[in-house]
Enquirer: 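Right, I'll just put the structure down here and ask away after.
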Amino acid sequence: MKLYLKIWRQFDASSKGEMTDYEIDEVSEHMSFLEMLDLLNEILIQQGERVIEFDHDCREGICGQCGVMINGRAHGPLRNTTTCQLHMRSFKDGDTIYIEPFRAKAFPVLRDLKINRKAFDTIIASGGFIGASTGQAPEANSIPISYETAEEAFDAAACIGCGACVASCKNASAALFVGAKITHLTLLPQGKVEAPKRAINMVKQMDLQGFGNCSDTRACEIECPQGISVLSIAKMNLEYMKALAFRK
C-alpha cells in the first residue's frame, strides 16, 4: 500500500508543534501500526532526518504506552484494540492517516507522539494500593467472595492506564481510570479497610492533576481498549459519597 501520513512533530515540550506530511510505499497489510511507523523511521534515518518518536513497550496490548490518536480516535478505528494491536489491514491503499499524541492538559507532549502520563502515577500513589501484608498468596477458596464479585473486580483491574479515556473525553476527564482502580480494590476484601481514605485521596489527586469533570458522554467506554464500563465511574462516585458521610 501507499499511504499519506500527517504526523504531529514537536521537538520538545516548550516548542511549537505542527502536522508534517509524509508518503510511504510498500506498506504490508500484515504490518502492525507501530511497524509501519518503524518503516517510516528507517526511511527518515536513511535521509538523515530526525525520527518520529512514540511510546511503546510490550507491543501486546497490556502496557498502555503506545496510545496515539489515529484519524481523531484514540488507538484507531477498531474497538477494544490498542495502537500496537492495530494492523494496517484496517486501512487501504491511498488512505490519508492523521496521527497525533493524546491531548490533555495533564498529559503534556514530550516530543512528537510521546506524552507524559506521570499524572496517572501520582493518582495511583495517592491511594491505588492496599496495606495488607504481602507474602505467600492465600488459597483462593479461603477468601469469602462470590464469583460475580470476583469477575467484576477482574474486569475493572483490566485497565492498563493508557489514557485513551482522557484523550477521548471532551473534558479530559480521568474518571474512568480512577473509577476502575477504585472499583477493583474496593470490591476485594483486602481493599475494603482503606476504601474511604482511598476514594477521597484518589478523587482529590485527580482534580489536582488538572483532569476535567465527567459529563457522562461515555466516549471513554467506547474508546477504552479494555472495554472498561462506565459503571466504574458510578462505583467511584458511590464510594466517594460514602467516604464523605463516613468522615462526618
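Below, all heavy atoms of this structure are taken into account, side chains as well, without hydrogens, waters or symmetry copies.
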Enquirer: Asp25 side chain to Lys2 main-chain N or O, any donor-acceptor pair under 3.5 Å?
Expert: no

Enquirer: Considering all heavy atoms of both residues, which atom of Thr82 and which atom of Pro225 are nearest to each other, and what is their separation?
Expert: CG2-CB, 3.6 Å

Enquirer: Roughly how far apart are Glu221 CD and Asp216 CG, rounded to 0.5 Å?
Expert: 9.5 Å

Enquirer: Salt bridge or not for Arg111 and Asp12, using N-O below 4.0 Å?
Expert: no

Enquirer: Check for me, please, whether Tyr240 and Leu176 land in the same ILVMFWY cluster - side-chain distances under 4.5 Å, paths through other members count.
Expert: yes

Enquirer: Any heavy-atom pair between the side chains of Asn71 and Pro77 that's under 4.5 Å?
Expert: no

Enquirer: Which pairs, with at least one residue in residues 192-215 and sequence neighbours excluded, count as a side chain to side chain donor-acceptor pair (under 3.5 Å)?
Expert: Asn171-Ser215

Enquirer: How far does CZ of Phe102 sit from SG of Cys162, to the nearest 0.5 angstrom?
Expert: 5.5 Å

Enquirer: Once rounded to the nearest 0.5 Å, what's the spacing between atom CD of Gln85 and atom CD of Glu60?
Expert: 9.0 Å

Enquirer: Any sub-3.5 Å donor-acceptor pair from Asn116's side-chain atoms to Lys118's backbone N or O?
Expert: yes

Enquirer: Stepwise, does the side-chain contact (heavy atoms from CB on, under 4.5 Å) test hold for Phe91 with Met36?
Expert: CA-CA 12 Å; Phe91 305 92; Met36 182 274 294; over 6 Å; no

Enquirer: Under a single-linkage definition using a 4.5 Å side-chain heavy-atom cutoff for Ile, Leu, Val, Met, Phe, Trp and Tyr, are Ile7 and Ile43 assigned to the same hydrophobic cluster?
Expert: yes

Enquirer: Which heavy atom of Cys220 sits nearest to which heavy atom of Cys165, and what is that distance?
Expert: CB-CB, 3.6 Å

Enquirer: Does any non-hydrogen side-chain atom of Asp55 lie less than 4.5 Å from one of Leu110?
Expert: no

Enquirer: Would you say CZ of Phe129 has more than 12 non-hydrogen atoms from neighbouring residues, nucleotides or ligands within 6.0 angstrom?
Expert: yes

Enquirer: State plainly whether one hydrophobic cluster holds both Met1 and Ile70, where clusters connect Ile, Leu, Val, Met, Phe, Trp and Tyr through side-chain heavy atoms under 4.5 angstrom apart.
Expert: yes

Enquirer: For residues Cys66 and Phe54, determine if any side-chain heavy atom of one lies less than 4.5 Å from a side-chain heavy atom of the other.
Expert: no

Enquirer: Where the side chain of Asp155 meets the backbone of Glu152, is there a donor-acceptor pair that is under 3.5 Å apart?
Expert: no

Enquirer: How many angstroms lie between CD1 in Ile123 and CZ in Phe211, if you round to the nearest 0.5 Å?
Expert: 4.5 Å

Enquirer: Taking all non-hydrogen atoms of both residues into account, name the closest pair between Leu44 and Val51 and its distance.
Expert: CD1-CA, 4.2 Å

Enquirer: State whether the side chain of Asp112 and the backbone N or O of Gln10 hold a donor-acceptor pair below 3.5 Å, judged by distance alone.
Expert: yes

Enquirer: Rounded at 0.5 Å granularity, tell me how far CD1 in Ile97 sits from OH in Tyr22.
Expert: 14.5 Å

Enquirer: For the pair Asp57 and Arg59, find out whether any cationic side-chain nitrogen is under 4.0 Å from an anionic carboxylate oxygen.
Expert: no

Enquirer: Verify the distance criterion only: is there a donor paired with an acceptor across the side chains of His75 and Thr83 at less than 3.5 Å?
Expert: yes

Enquirer: Looking only at heavy atoms, which two atoms of Ser90 and Leu78 are closest? And how far apart?
Expert: OG-CD1, 3.6 Å

Enquirer: Minimum heavy-atom separation for Ala153 and Leu188, please, with both atom names.
Expert: CB-CD2, 3.8 Å

Enquirer: Are there over 12 heavy-atom neighbours, none belonging to Met19, within less than 6.0 Å of that residue's CE?
Expert: yes

Enquirer: Could you measure the distance from the NZ atom of Lys181 to the CE atom of Met206? Nearest 0.5 Å is fine.
Expert: 14.0 Å

Enquirer: Would Phe33 and Ile62 show up in the same hydrophobic cluster when neighbours are defined by side-chain heavy atoms closer than 4.5 Å?
Expert: no

Enquirer: Which atom pair, heavy atoms only, marks the closest approach of Ser168 to Glu223?
Expert: CB-CG, 3.5 Å

Enquirer: Is it the case that the side chain of Thr186 and the backbone of Thr183 share a donor-acceptor pair, with hydrogens and angles ignored and the cut-off at 3.5 Å?
Expert: no

Enquirer: Are Ile160 and Leu113 joined in one hydrophobic group, where the rule is that I, L, V, M, F, W and Y side chains link up if heavy atoms are under 4.5 Å apart?
Expert: no

Enquirer: Heavy-atom count check: over 12 atoms from other residues, nucleotides or ligands less than 6.0 Å from Glu26 CD?
Expert: no

Enquirer: So do the side chains of Glu100 and Val109 get within less than 4.5 Å of each other, counting heavy atoms only?
Expert: no

